[in-house]
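What follows is a short report on a single structure.
Naming convention: chains lettered A, B, ... in sequence-line order (proteins, then strands); numbering from 1 in each chain. Computed from a predicted structure; not experimentally measured.
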Amino acid sequence: MAELPARYDPIEEEAKIQQWWEDAKIYEFDPADEAEIYSIDTPPPTFSGNMHIGHAFSYAQTDFIARYHRMQGKNVFYPFGVDDNGLATERLVEKEKKVSSKKMEREEFVQLCLQFVEEHRNDFVTDWKKLGISADFNVFYSTISDHARAISQRSFVHLYKDGRIKRKKSPIIFCPTCKTAIAQVEMEDVEKKSTLNYIKAQVETGEYVIYATTRPELHPGCMGLSIDEAGVYVVANRGEEQWILAKDAVEKLQDEFPMTIVRELKGKDLVGRKVEIPYAQTVAITHDTSVKTEYGTGIVYYCSYGGLDCVEWFARHPDAQPVDVMDETGCYTTGPCAGLRSAEARKKIIEQLENDGSLVKKEKIKHFVNVHERCGTDIEYIATDQWFITYMDLQEQFLQNGSELNWHPAHMQVRLDNWIKGLQWDWCISRQRHFGVPIPVWYDKKGEVILPSDDELPVDPLRDVPKGYKKEELTPEHDVLDTWATSSLTPQIATELYKDHPVFKRLFPMSLRPQAHDIITFWLFNTMVKSQLHHKKNPWKDVAISGFTLDPHGRKLSKSKGNAVHPQEVLKNYGADALRFWAAGAKLGEDFPFQEKDFVTGKKTITKLWNASKFVVMNLEDYTGFNAEFTELEVMDRWMLSKYNTLVKECAAAFDNYEYSKVKFAVEQFFWKDFCDNYLEIVKGRLYEPKDNVEKSSAQFVLSHVLEGMLKLFAPFMPYITEKIYGMLPFENKAKSIHLSSWPSYREEWHDNDAEMVGHDIVLVIEEVRKFKSANQLSMRAPVKKLTVTTKHDIRLAENDLVAVTNAEGFDHKHGEFLVVIE
RNA sequence: GGGCCCGUAGUUUAGUGGCUAUAACGUCUCGUUUACACCGAGAAGGUCACCAGUUCGAGUCUGGUCGGGCCCACCA
């Protein structure tokens, strides 16, 4: 038998082992395997760079679960995809290939992206492979591939036919400088100086309402004034005029604008009164939930569109119809400022309002405005035709679906529930971008929607023509689908890779959705929505929500703070097992600080595992088996086996409940304390100088069983070192890989209360002796003259082991309260 | 502002109403011929954030206060 090398170099060995896994196809999905399926809806990372530490953290956690279920004998379906259908990839490809997507045919750019992904796919997934992710990387998809585009477009076509998709006017975020629609992620907050303008407008009953705005240029788009119906408002005399405003506002304005309150009234008394707004139509006062009497004058004017608040207001007030005041050149189209952009328009209208006496006060303020990150221009909202999935009627259904999922951890469900309860409008799935999955729609001469048939998909309406039509008869839709409209179909995209195989029926609904908590309201919710609309059921049974990696002080990692951490460095310095061991220390869903020292601990555990295994293997050299009953084992061997047996039971229970961190903690403690510190020391006497072969083989039996089992318990966390050691164990009938071996099973007959109690006392005695030797500055091997132990249990069955491990020259046992006397 | 989570040793953490509240790292003392100095043994280190309540009993349950983190919304 080959002796184990003195040292284990994780960096060198992990590379070799990983290559072997790949060559031997250890994690290959076998669709013909009849075993129970455990399918994972793996998050497809954005194809835009390297794996970051947050990825390493959460993918490792999913991998613990996957490996456990694989060892439980399940047929694990663990695909890997990349999300290249989005802005990040678009930007990356534009930069790397030095092209502009807008100047190309869309299909051409899609092909370029696919080519780019193909070229870099191996590099991209390398980090995940190094980390030891046990996905089958050949069960692979890309969200911009034909496969995924066809599924995404099919979803659109089917939902349209079901009456779930509608086209309607809706505001989009627009950059007047770049003259383009932009995505929310392309905006940033900038604090700017501005002016809050107080404006008066006459009510039909003669008084004036006072409202404040930072966007007076939008007066022509004003469609309503709102108050808080529960708020307290007043009518106040101000010179000849009577002003209406919130009571709170009177106090603030009193110094500058002395007025006397005539009477108080409730906000609801104002509802319905008509007000003549300058440069706009006459509008009625309404109640709105967002209005607070403490801010401004307690009266708000809403325009199409001053900001997101206005957009939301229109959603709450369907009677008020937005008007288009700005066109796609960023200029106003109506009113006194027609032809002007916002900045000039504001100046002009303030002048005019001042001239006709409507402007009562200008207050300098600082506030945050959204600007386009590329050019710094204030963004605008303009109304355009957009595509929506209508689902507001399904809120109850979605809540029900959410409650039917098994949430790990449970409290994450609350986030989804709050989101669903707060939904205000339908899901806008169209984007005015060039790159993406095209909306599969043409319009005929009458403007009717023409759809492709399923077998034509995927299509690009800009280039393709549906069956039975000529190009000149149709106008193509230019918009593309929001990336969430496609990524919400990952269960279908992944499982339909096996569409033509009988296993397909068994893959969906999937077993597990693993993901982080930041996108519960997006990816998780949207995937549930699509599954409900298409299949009338949830796409998975369980969800496992992982947390974030934080910096060593518990703050969020970010590029701007300069506290980013690179997993590649950790892999290079400590290896994947150490990185994974760190990730296993965090409870599922818990945010976890990144600490260098944790990797040192991981690496030390690896070394310890190596050394302890080396010891066991060396001492199994002459082992030929222990052919007797459990009860014939030495008492300390039964103690060890019984404790190990309990551990096995606990670990499976915790893993079944996605509590991998409990498993990690329990196994680590058992290995270090019970197995190494105590058991290995206890059996040394019997191994080195056995009285007979029986007491030695008794120890060997337990050493071999417990080592093998412990390696398996460690295997989901540290797949490399456990694979290496497993391969060197001198057993027959081993599995090809530890990761294909079966999870240890609990054995009732190995449970031994008596042995556990004796063992417990023996360990306490050993501790006392060690304390004594430490206190007397003696070596642990130093002999003690006489050891007198008083215990309640009869420990004499373990006397030989105890004498050997403590190196006692004399020993006496008495019955009574626990006491150790060392001479 | 709304929601969720978290406050336990110098640091990071375990803890399912019940023995003397975990462990790792760090610190201090000691110890190397038979797995391991990439080590072992031992020690010190705690107002379980604070206040009140429920209970025979609270780190654990309830309410409040303070502090931290994340997500969402953000000002007319």
Side-chain angles (χ1 to χ4, degrees), chain A residues 4 6-9 189 194 196-198 211-215 225-226 288 290-292 294-303 306-310 312-313 365 367-370 409 411-419 421-422 424 516-522 547-548 550-556 582 585-587 589-619 661-662 664-666 668-669 672-673 676-677 680-681 684 687-689 766-767 769-782:
Chain A
L4 293 169
R7 298 237 185 278
Y8 171 81
D9 178 357
D189 285 353
S194 181
L196 186 58
N197 302 283
Y198 290 73
Y211 55 90
T213 176
T214 53
R215 304 277 322 258
L225 285 181
S226 284
D288 189 77
S290 76
V291 178
K292 303 275 171 284
E294 307 88 61
Y295 196 91
T297 63
I299 301 172
V300 192
Y301 103 135
Y302 289 101
C303 307
L308 203 56
D309 54 320
C310 293
E312 292 179 359
W313 182 86
I365 58 160
H367 67 163
F368 282 94
V369 290
N370 289 319
H411 68 82
M412 291 295 179
Q413 191 197 334
V414 182
R415 295 201 187 189
L416 179 72
D417 287 352
N418 287 335
W419 174 259
K421 287 175 193 159
Q424 301 224 20
H517 54 58
D518 55 337
I519 49 173
I520 288 174
T521 55
F522 294 99
F548 280 156
L550 306 175
D551 81 359
H553 308 289
R555 281 190 308 253
K556 195 188 177 184
W582 160 75
K587 280 182 278 190
E590 210 90 323
D591 294 344
F592 202 56
F594 173 98
Q595 302 219 96
E596 192 92 13
K597 67 183 175 67
D598 291 334
F599 304 118
V600 177
T601 308
K603 203 170 172 181
K604 277 165 72 171
T605 305
I606 292 163
T607 303
K608 188 82 173 174
L609 206 46
W610 179 258
N611 287 323
S613 301
K614 202 167 65 178
F615 171 82
V616 173
V617 170
M618 271 163 46
N619 284 291
S661 65
K662 274 191 185 172
K664 181 247 184 190
F665 185 77
E668 190 184 9
Q669 289 302 310
W672 214 286
K673 296 270 173 226
C676 291
D677 292 351
L680 291 189
E681 294 304 321
K684 272 179 184 171
L687 292 172
Y688 294 153
E689 292 168 41
I766 293 170
E767 278 173 10
V769 175
R770 283 172 175 166
K771 258 183 227 178
F772 173 84
K773 288 180 181 176
S774 258
N776 292 288
Q777 309 196 344
L778 294 166
S779 154
M780 286 301 130
R781 297 296 309 148

Exercise. Please list, chain by chain and in numerical order, all residues satisfying salt bridge (charged side-chain N to carboxylate O under 4.0 Å, His left out) with Lys684(A), sequence neighbours excluded.
Key: Glu681(A)
Exercise. Report which part of the nucleic acid Ser779(A) touches: base, sugar-phosphate, or nothing (heavy-atom distance under 4.0 Å, all strands).
Key: sugar-phosphate
Quiz item: Think Lys673(A) has a side-chain N or O under 4.0 angstrom from the OP1 or OP2 of A23(B)?
Solution: no
Quiz item: Counting only distance, no hydrogens or angles, is the base of C38(B) paired donor-acceptor with the side chain of Lys603(A) under 3.5 Å?
Solution: no
Practice problem: Take nucleotides 4-19 of chain B nucleotide by nucleotide from the 5' end and write B, S or -, depending on whether a protein heavy atom sits under 4.0 Å from the base, only from the sugar-phosphate, or from neither. | Solution: BS-----BSSSS----
Quiz item: Partners of Gln595(A) by side-chain hydrogen bond (donor to acceptor under 3.5 Å, both in side chains), sequence neighbours excluded?
Solution: none
Quiz item: Listed by chain and number, what are the side-chain hydrogen bond (donor to acceptor under 3.5 Å, both in side chains) partners of Arg415(A), not counting sequence neighbours?
Solution: none
Quiz item: In terms of side-chain heavy atoms of Thr213(A), which of A76(B), C72(B), G42(B) is nearest?
Solution: A76(B)
Self-check item: Positive for side-chain hydrogen bond (donor to acceptor under 3.5 Å, both in side chains) with Ser226(A), one of Tyr301(A), Tyr302(A), Trp313(A), Tyr211(A)
Solution: Trp313(A)
Quiz item: What nucleic acid atoms does Cys676(A) come within less than 4.0 Å of, heavy atoms only: base, sugar-phosphate, or nothing?
Solution: base
Practice problem: Would you mind classifying the nucleic acid contact of Trp419(A) as base, sugar-phosphate or nothing, using non-hydrogen atoms under 4.0 angstrom? | Solution: nothing
Quiz item: Which part of the nucleic acid, if any, lies within reach of Gln669(A) when heavy atoms closer than 4.0 Å are counted: base, sugar-phosphate only, or nothing?
Solution: sugar-phosphate
Quiz item: Can a side chain N or O of Trp582(A) be found less than 4.0 Å away from OP1 or OP2 on C25(B)?
Solution: no
Quiz item: Within the pair Lys604(A) and C39(B), is there a side-chain N or O less than 4.0 Å away from OP1 or OP2?
Solution: yes
Practice problem: Return one dot-bracket line describing RNA chain B 5' to 3' (Watson-Crick or G-U wobble pairs, both distances under 3.5 Å; ( ) same strand, [ ] crossing, | another strand, . none). | Solution: (((((((..(((.....[....))).(((((.......))))).....(((((..]....))))))))))))....
Exercise. Could you pull out all residues at least two apart from Lys608(A) that satisfy salt bridge (charged side-chain N to carboxylate O under 4.0 Å, His left out)?
Key: none
Exercise. Pick base, sugar-phosphate or nothing for Glu681(A), based on heavy-atom distances below 4.0 Å to the nucleic acid.
Key: base
